[in-house]
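In the text below, chain A, chain B and the rest are named by the order of the sequence lines, each starting its count at 1.
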Amino acid sequence: MFKLIGLFICIASIAVVMKAGGGFNMYLDLPTLLLLFGITLAGTIVGYGKQTIYYFMLAGKKQIPSKDLLPALNFFNYISRLTLYSGICAFFISAVVVLVNFTDVKMLGPAIAITLLNIIYGLIFSFIIIQPIKHGILLNRLNVDSSTEKQGK
Amino acid sequence: MNKFIGYLLFIATFAGVIFLTGYSEFFIDRFSLLLIFGMVFGVMFLSYGIHAFSAFKYISRPVTSQKEFFLAVSFFDHLSNTAIIAGILGTLLSQLAMLSNVTTTAEIYPATGASLVSFLYGYLVAKLIFEPLKQNVIRNAKIGNINGLIQLHIDQNNSLPNTFVLMGFAAIVGNFVILISSY
C-alpha cells in the first residue's frame with residue numbers, strides 16, 4: 001500500500017515538472033527507450049547470463065535463501081550502475097548521430113533535447129524500478145537472524 | 001547545540017552570498033523543490049514501505065543491533081543518493097524544455113543558469129539533511145565492530161557511480177548544451 005503511494009508521488013512530481021516544461025509529447029521517444037534498454041539488457045546478459053532470470057524471480061519471493069542474499073544485492077547494484085552508464089553511453093551515441101547529420105542550425109536545439117532524454121530515462125529507470133527491488137531484498141536480509149550477517153564479512 | 005551553530009553558519013553564508021550578488025530571485029525555483037522533495041518522499045515509501053517510519057526513530061535513539069544499524073544507515077544513504085539524482089534529473093528536464101522551446105540565442109544563457117538551480121538544491125538537501133542524519137546514526141551506534149559493519153554497508157550499497165563522476169558528468173553536459181545551443 002505504502003509502495004503504491006510512493007510510486008504515485010514519484011510519478012506525479014515528475015509529471016508536474018514535465019507539464020510545466022511544455023507538455024508530455026516532448027518527453028516521449030521510442031527509439032531512445034529502445035537504445036537504452038538494448039544496452040542495459042546486453043550488459044546484464046554479458047555479466048550474469050542465465051542467472052538474470054533467477055535473480056529477478058528471487059526478488060518476488062517472500063523468503064530469500066540466505067546464501068543468495070549478498071549475490072542478489074550485488075546483482076541489483078550492478079544493474080543500477082549499468083543503467084546510469086548506459087544512459088550516458090546512449091547520450092553520446094545519439095549526440096554523434098545528431099552532429100554527423102547536422103545541416104540546419106534551427107533543428108539543432110530539439111535534436112540535442114532528444115539526446116538528453118537518454119540520461120533522463122536511465123535515471124528514472126534506475127531509481128524507480130531497480131533500486132526499490134534492491135532495497136526490498138535488503139529489508140529481507142534484515143529479517144534473517146545475525147548468523148547470516150557473519151557470513152557477509 | 002553544535003548542529004544549531006552549524007546550520008546557522010551555513011544559512012548565514014548562503015544568504016549572504018546570494019543577497020550580496022543581487023540575484024536572489026534566480027535561486028528560488030518551486031518546480032525543482034517540488035521535484036526533489038517529491039522524488040525523495042516517493043522513493044522513500046517506494047523502497048522501504050512501512051519500514052520508513054521505523055528508520056526515522058533512530059535519529060534520536062542509538063542503534064543497538066546490526067539489524068537496526070543496516071536499516072537506518074542504508075535508509076539515509078539511499079535518501080541522500082536520491083536527492084542528488086533528483087537534482088540532476090531536474091536539471092536535465094529543464095534543459096530539455098529549454099532546448100525545445102527557446103529560439104533566440106540571448107534567452108539561452110539565463111535559462112541554462114536557471115536549470116542548474118535544481119542541481120544545487122539536490123546537492124544541498126543530500127549533504128545538509130540526510131548525510132548528517134546518517135553520520136549521526138553511525139556516531140551514536142552502541143554496537144561493537146562498527147568498522148566492519150560500515151565496510152559491509154559500503155559493499156552492499158555500491159550502486160552509484162562516484163559523486164565526483166556524476167558532478168563532472170553534469171558539468172560536461174551543461175557545457176555541451178551551452179556550446180551547441182549558442183551556435
Exercise: identify the closest heavy-atom pair between [X] and [Y]:
X	Y	answer
A/L116	B/Q95	CD1-CB, 4.0 Å
B/F45	A/G6	CB-CA, 3.7 Å
A/A113	B/S100	CB-OG, 3.6 Å
A/H135	B/S74	CE1-O, 4.1 Å
B/V43	A/F127	CG2-O, 3.9 Å
A/Y27	B/A97	OH-CB, 3.8 Å

So [Y] and [X], do their side chains get closer than 4.5 Å, heavy atoms only?
X	Y	value
B/I50	A/M1	no
B/L89	A/I14	yes
B/F75	A/L138	no

Checklist outcome for this item: Of B/V40, B/I36, B/L71, B/L93, the largest count of non-hydrogen pairs under 4.5 angstrom with chain A goes to B/L93
Next on the checklist: Which one wins on heavy-atom pair count under 4.5 Å against chain A: B/S32, B/S47, B/S94, B/G38?
Outcome noted: B/S47
Are [Y] and [X] connected into the same hydrophobic cluster when the rule is that any two of I, L, V, M, F, W, Y join if their side-chain heavy atoms are below 4.5 Å apart?
X	Y	value
A/L99	A/V96	no
B/F14	B/L116	no
A/I129	A/L84	yes
B/F27	B/F19	no
A/L4	A/I124	no

With chain B as the partner, which of [options] has the greatest number of non-hydrogen pairs under 4.5 Å?
options	answer
A/P132, A/A95, A/S80	A/P132
A/I120, A/L7, A/L73	A/I120
A/I88, A/I119, A/V16, A/N74	A/I88

Other residues, nucleotides, ligands: >12 heavy atoms within 6.0 Å of [X] [atom1]:
X	atom1	value
A/F8	CZ	no
A/F24	CZ	yes
A/I53	CD1	no
B/R139	CZ	yes
A/Y78	OH	yes

Roughly how far, to the nearest 0.5 Å, is the [atom2] atom of [Y] from the [atom1] atom of [X]?
X	Y	atom1	atom2	answer
A/I128	B/T82	CD1	OG1	10.0 Å
A/L123	B/I84	CG	CD1	12.0 Å
A/Q131	B/L46	CD	CG	10.5 Å

Does any backbone or side-chain atom of [X] lie under 4.5 Å from a heavy atom of chain B? Answer side chain, backbone, both or neither.
X	value
A/F91	side chain
A/A111	neither
A/L82	neither

Item to check | Under 4.5 Å from any heavy atom of chain A - which part of B/F69 | outcome: neither
